[in-house]
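One structure is given below, encoded as structure tokens.
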Amino acid sequence: EKGGYDHFMLKEIHEQPTAIKDTYRGRMLPDEGLIRMAGVDDNLERIANAKRILIVACGTSWHAGLVAEYIFEELARIPVEVEYASEFRYRNPIISEKDVIIAISQSGETADTMAAIKLAKEKGAFAFGVCNVVGSSISRETHAGAYTHAGPEIGVASTKAFTTQITVLTLMALKLAKHNGTISNTDFMTYLQEMERIPAKIEKALEGDEHIKMIADIYKDARNCLYLGRGFNFPVALEGALKLKEISYIHAEGYPAAEMKHGPIALIDEEMPVVVIATKKGHYEKVVSNIQEIKSRSGKIIAIVTEGDEEVRDLADHVIEVPETLEPLTPLLTTIPLQLLSYHIAVLLGKNVDQPRNLAKSVTVE
Ligand code: M6R
């Protein structure tokens with residue numbers, strides 16, 4: 001049942017190229033220059049004219065929501081807010097009939113996300129669900145939606161659900177951008193063609209596995225770990241830290257790289273591994289100077305870089321390469337080594353990777 005892998009988590013990490021293909025298949029039609037998504041098409045005016053998109057979710061799905069915020073605003077130029085469902089539901093949020101609320105949930109059963117959707121609906125917002133489990137409560141409670149086609153995710157640590165959520169939300173953003181005229185036809189086509197290359201590029205990123213395992217072995221006894229990223233990759237830093245926390249029980253924090261100097265830099269010494277996402281473009285030079293700041297305080301740097309990068313290689317203790325892609329799509333690649341890193345650390349520490357202590361796959365109580 002684990003398809004020859006030691007754990008479901010590892011199997012699911014490796015399923016990502018297929019899961020992403022399954023998610024865009026039939027929706028993305030590059031030859032016709034079209035994205036077809038029934039849930040969006042049937043409500044196109046309502047969604048495209050939203051004054052604001054509110055995204056509610058928990059955990060990893062909330063991180064996918066943060067990535068989507070950057071992508072929607074960049075491509076479709078619609079203002080987006082991303083909220084923890086648990087906070088949103090209890091703070092008497094201001095919601096209008098012109099708002100579109102998107103609930104992201106792998107299980108479709110998360111209690112707080114469900115409550116947030118009910119509340120927004122009561123206030124007249126249009127509710128859209130991005131769920132993985134077909135027929136789940138959230139998929140039924142929303143007015144429309146688009147499923148991720150990740151297949152069953154068994155490991156408690158979410159992996160393929162995250163990348164397929166980003167895939168669905170990117171398609172949605174592109175579709176709205178095209179409709180609203182905020183993207184040129186050429187750019188639209190470039191995105192579609194590049195999206196089709198993502199599965200193969202993930203395969204390439206997965207080839208770094210042995211190297212990542214070696215890095216895991218060096219840092220497995222760390223007590224703390226910092227994850228830094230900027231822009232589209234800031235939420236990836238949060239996600240990397242969450243993965244490490246939940247399966248290896250090592251304290252980890254994700255930060256926007258530039259925030260480091262507002263506090264966390266005080267933590268850095270030779271004992272502290274810092275994982276930095278430093279792919280090309282995306283504030284690259286600024287991230288490089290953040291890396292220099294860490295280095296001058298003797299922090300250990302594990303950098304995720306674009307294939308062929310030389311500058312960071314000279315500074316970092318370890319570099320992990322991912323293929324180049326369009327900047328808004330980089331989270332689909334930079335996430336992969338972070339999943340593998342936390343997986344290998346947890347295995348080396350003898351932890352129960354698929355069923356970490358104190359955690360359940362779906363959180364149906366608040
Ligand atoms: O099923 P959902 O996507 O609504 O679940 C949300 C979170 O409970 C979930 O992502 C959790 O944070 C995972 N264990 C993360 O790996």
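Each ligand, and each atom within it, is numbered from 1 in the order the structure gives. Atoms considered below: every heavy atom in the structure, side chains included; atoms not considered: hydrogens, waters and symmetry mates.
Looking at T186, I183, I35 one by one, the single match for side chain to side chain contact (heavy atoms under 4.5 Å, CB included) with Y191 turns out to be I183.
Using cut-offs of 30° and 60° on the angle between ring planes, the pair F234 and Y70 is perpendicular.
Considering backbone and side-chain atoms together, T113 places no N or O closer than 3.5 Å to any N or O of ligand 1. Residue V156 has at least one nitrogen or oxygen atom sitting less than 3.5 Å from a nitrogen or oxygen atom of ligand 1, judged on distance alone.
Near S61, meaning under 4.0 Å from any of its heavy atoms, are these atoms of ligand 1: 2 (P), 3 (O), 10 (O). Taking a cut-off of under 4.0 Å to the non-hydrogen atoms of T60, the atoms of ligand 1 that pass are 10 (O), 12 (O), 15 (C), 16 (O). Atoms of ligand 1 lying under 4.0 Å from any heavy atom of T110, numbered from 1 in the order shown and given with element: 1 (O), 2 (P), 4 (O), 5 (O). For ligand 1, the atoms sitting less than 4.0 Å from at least one non-hydrogen atom of A157 are 16 (O), numbered in the order shown with element in parentheses. Near S105, with a cut-off below 4.0 Å to any heavy atom, the atoms of ligand 1 are 1 (O), 2 (P), 3 (O), 4 (O).
Judged purely by atom type and a 3.5 angstrom limit, E366 has no side-chain atom pairing as donor or acceptor with the backbone of S86. Checking side-chain atoms of S139 against main-chain N and O of S136 turns up a donor-acceptor pair under 3.5 Å. Formation of a donor-acceptor pair under 3.5 Å by the S107 side chain with backbone atoms of E109 is found in this model. A donor-acceptor pair under 3.5 Å is absent between the side-chain atoms of K220 and the main chain of L349, judged by distance alone.
The protein heavy-atom contact nearest to atom 8 (O) of ligand 1 is V363 CG2, 4.0 Å. With respect to atom 16 (O) of ligand 1, the closest heavy atom belonging to the protein is E246 OE2, 2.3 Å. Among protein heavy atoms, atom 1 (O) of ligand 1 sits closest to S107 OG, 2.7 Å. Among all protein heavy atoms, the one lying closest to atom 7 (C) of ligand 1 is C58 O, 3.7 Å.
With a 4.0 Å heavy-atom cut-off, ligand 1 is reached by no atom of K361.
Every residue two or more places apart in sequence or in another chain that forms a ring-ring contact (aromatic ring centres under 6.0 Å, His included) with H14 is listed here: Y5.
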Compile the donor-acceptor pairs under 3.5 Å between side chains in residues 308-318 and protein atoms, sequence neighbours left out, one pair per line.
{"unit_1": "D309", "atom_1": "OD1", "unit_2": "Y284", "atom_2": "OH", "d": "3.4"}
{"unit_1": "D309", "atom_1": "OD1", "unit_2": "E311", "atom_2": "N", "d": "3.2"}
{"unit_1": "D309", "atom_1": "OD1", "unit_2": "V312", "atom_2": "N", "d": "2.8"}
{"unit_1": "D309", "atom_1": "OD2", "unit_2": "Y284", "atom_2": "OH", "d": "2.4"}
{"unit_1": "R313", "atom_1": "NH2", "unit_2": "E321", "atom_2": "OE2", "d": "3.0"}
{"unit_1": "D317", "atom_1": "OD2", "unit_2": "I301", "atom_2": "N", "d": "2.8"}
{"unit_1": "H318", "atom_1": "NE2", "unit_2": "Y219", "atom_2": "OH", "d": "2.9"}

